[in-house]
Amino acid sequence: MSINYTVDKVYTGVSRDRLQLPCVIVETENYSVDKTFDCGQCFRFNKVPSSSYGIEYEGVAFGRYIRVAQDHPNEIIIINTDLSDYEKIWKKYLGLDIDWGAIERHLISRREDDGIMEKAARLAGGIRILRQEPWETLCSFIISQNNNIPRIKKIIESISERLGTPIDCPDGITRYAFPTDRAILMAGIETLMATNTGYRAKYLYDAARLSVDRKIDFLSIEKTDDLDTCAAILRQIKGVGPKVAACVLLFGFGKLDAFPVDVWIRRSLKRHFSGGLDLSVLSPYAGVAQQYLFYYTRYIEGRD
DNA sequence: GTCCAGGAACTCA
DNA sequence: TGAGTTCATGGA
């Protein structure tokens, strides 16, 4: 691999596989690509089966096809991209602009629980909260309601194939960007039903209508600090309740204090926080704690 | 056949 | 204001 030093802790090169794609190599700290892409926050990335790296995921975001690979925790390789897109898109998307170590220490230092937070943080530690596109995140979590992760992924692929812009990929496979609000509005409820969204089709349609008509303004949500105000804006959309709104704020707007409560978090709260959980103790990173607890409960403790 | 899934709208008291 | 029901769908 030819490596050209460019800027601080960022290098360019070519990928190790036979396609030798341009890639950006980033020095980081305790980053888990595996946990980050497999923890249920994003639905369009999948593990590359026989990768030439220790771990590798591929998928579509921001209308681009990338692979994210790593061999050890302190370096990640972003394949099929360049420095310009890294600075413009992937740095922020992958959470490489945030000091996660400091956040983790902050959360572990809170001792209001039975030690579960520290345990969860140690196990889920390398997870990064991705900064995904708000519109796609909104639709994804509308689809997520009363649904399971494998099926959510299938539906989102189906919608993208049917309504999204095709992306020519270097491996010869055509992939599809997540459709715009306008494309979903034009498609109509019937077409959306055909992608197995079920009763959520009308919710997606409502979201598209409000977005196209500028009745919900993503920029103002971006600029607003107060989470209740942000959630209230999103909840004007049919099918968006407290949980979906919190997920969109956390995963789509990078509002790290948003705390989505789903069935898994409810289990965790019941098991480990019988006296209740004071979210202000975790502030302003309650959402990161939530992701640790979600990961720990779903992947370690299980349903029971 | 029954239960469940990163829930929310709706109904009825 | 709060508890119970209904909503599509597919996998376990």
Side-chain angles (χ1 to χ4, degrees), chain A residues 35-46 59 120 124 127-134 136-159 162 178 187-210 216 227-228 230-272 277 279 286-304:
Chain A
K35 289 174 194 167
T36 296
F37 284 99
D38 191 41
C39 71
Q41 61 175 318
C42 79
F43 304 102
R44 298 216 63 198
F45 276 77
N46 295 298
I127 289 183
R128 300 293 181 271
I129 306 288
L130 296 171
R131 182 74 177 263
Q132 304 177 63
E133 290 174 274
E136 178 177 342
T137 311
L138 170 62
C139 294
S140 298
F141 282 94
I142 285 174
I143 292 165
S144 80
Q145 68 166 265
N146 202 25
N147 214 338
N148 58 65
I149 291 175
R151 189 160 174 271
I152 296 164
K153 294 176 80 164
K154 267 190 193 172
I155 292 171
I156 293 172
E157 279 314 307
S158 171
I159 291 181
R162 194 177 282 248
F178 188 82
I189 294 180
E190 289 291 308
T191 303
L192 292 169
M193 281 291 279
T195 57
N196 295 327
T197 47
Y199 65 90
R200 307 168 194 85
K202 56 181 179 292
Y203 299 155
L204 291 174
Y205 185 81
D206 189 54
R209 192 173 51 75
L210 291 176
I216 56 164
L227 285 179
D228 292 333
C230 293
I233 295 173
L234 289 170
R235 290 183 62 177
Q236 296 175 90
I237 302 162
K238 271 185 194 148
V240 178
K243 194 273 177 179
V244 171
C247 282
V248 176
L249 293 176
L250 180 59
F251 304 127
F253 288 93
K255 298 193 184 290
L256 299 181
D257 212 17
F259 192 91
V261 178
D262 67 350
V263 291
W264 294 99
I265 292 300
R266 206 160 282 128
R267 282 183 189 123
S268 181
L269 294 179
K270 197 172 171 187
R271 281 173 194 159
H272 302 289
L277 172 60
L279 288 181
V288 184
Q290 188 274 0
Q291 202 54 18
Y292 290 164
L293 292 174
F294 177 82
Y295 183 87
Y296 187 82
T297 309
R298 182 167 192 269
Y299 294 87
I300 308 295
E301 292 188 326
R303 210 145 64 183
D304 289 343

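To find a chain, count down the sequence lines: A is the first, B the second, and so on, and within it residues start at 1.
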Could you tell me whether [X] contacts a base, only the sugar-phosphate backbone, or nothing, with contacts defined as non-hydrogen atoms closer than 4.0 Å?
{"X": "A/Cys42", "answer": "nothing"}
{"X": "A/Arg200", "answer": "base"}
{"X": "A/Pro150", "answer": "nothing"}
{"X": "A/Gly40", "answer": "base"}
{"X": "A/Tyr295", "answer": "nothing"}
{"X": "A/Arg267", "answer": "sugar-phosphate"}

Quick check: on DNA chain C, is the nucleotide nearest A/Asn146 upstream (toward 5') of the one nearest A/Lys154, or the reverse? Name the residue that is more 5'.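 This one resolves to A/Asn146.
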Contact between A/Ile142 and A/Thr197 at the side-chain level, heavy atoms closer than 4.5 Å - yes or no?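 The answer is no; the side chains never approach within 4.5 Å.
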pair A/Leu130-A/Phe37: side-chain heavy atoms closer than 4.5 Å: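 Yes, side chains in contact.
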Return yes if the base of B/dG7 and the side-chain atoms of A/Tyr203 contain a donor-acceptor N/O pair under 3.5 Å, otherwise no.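 Answer is no: no donor-acceptor pair is held.
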So which one's nearest nucleotide on DNA chain B is more toward 5', A/Gln291 or A/Val240?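 That would be A/Gln291.
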Rounding to an integer number of angstrom, what distance separates C/dA8 and B/dT11 when you compare their P atoms?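 Taking atom P in both C/dA8 and B/dT11, they lie 14 Å apart.
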Atom-to-atom span, [atom1] of [X] to [atom2] of [N] - whole angstrom:
{"X": "A/Lys202", "N": "B/dA9", "atom1": "NZ", "atom2": "C1'", "result": "9 Å"}
{"X": "A/Tyr199", "N": "C/dT5", "atom1": "OH", "atom2": "C1'", "result": "13 Å"}
{"X": "A/Ile152", "N": "B/dG7", "atom1": "CD1", "atom2": "C1'", "result": "11 Å"}
{"X": "A/Ile155", "N": "C/dT9", "atom1": "CD1", "atom2": "P", "result": "9 Å"}
{"X": "A/Asn148", "N": "B/dC3", "atom1": "CG", "atom2": "P", "result": "17 Å"}
{"X": "A/Ile159", "N": "C/dT9", "atom1": "CD1", "atom2": "C1'", "result": "14 Å"}

How about A/Lys238: does its NZ atom have over 12 heavy atoms from other parts shown lying under 6.0 Å from it?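 Counting other residues, nucleotides and ligands, NZ of A/Lys238 stays at 12 neighbours or fewer.
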Contact summary for A/Arg44 and A/Glu157, nearest pair of heavy atoms: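 Scanning both residues completely, I find the closest heavy atoms to be NE-OE2, 3.1 Å.
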Look at the side chain of A/Lys243 and decide which nucleotide, out of B/dG7, C/dT9, B/dC4, has an atom nearest to it.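 Closest nucleotide to the A/Lys243 side chain: B/dG7.
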Is it the case that the ring center of A/Phe294 lies less than 6.0 angstrom away from the ring center of A/Phe259?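 Here the rings of A/Phe294 and A/Phe259 have centres that are no less than 6.0 Å from each other.
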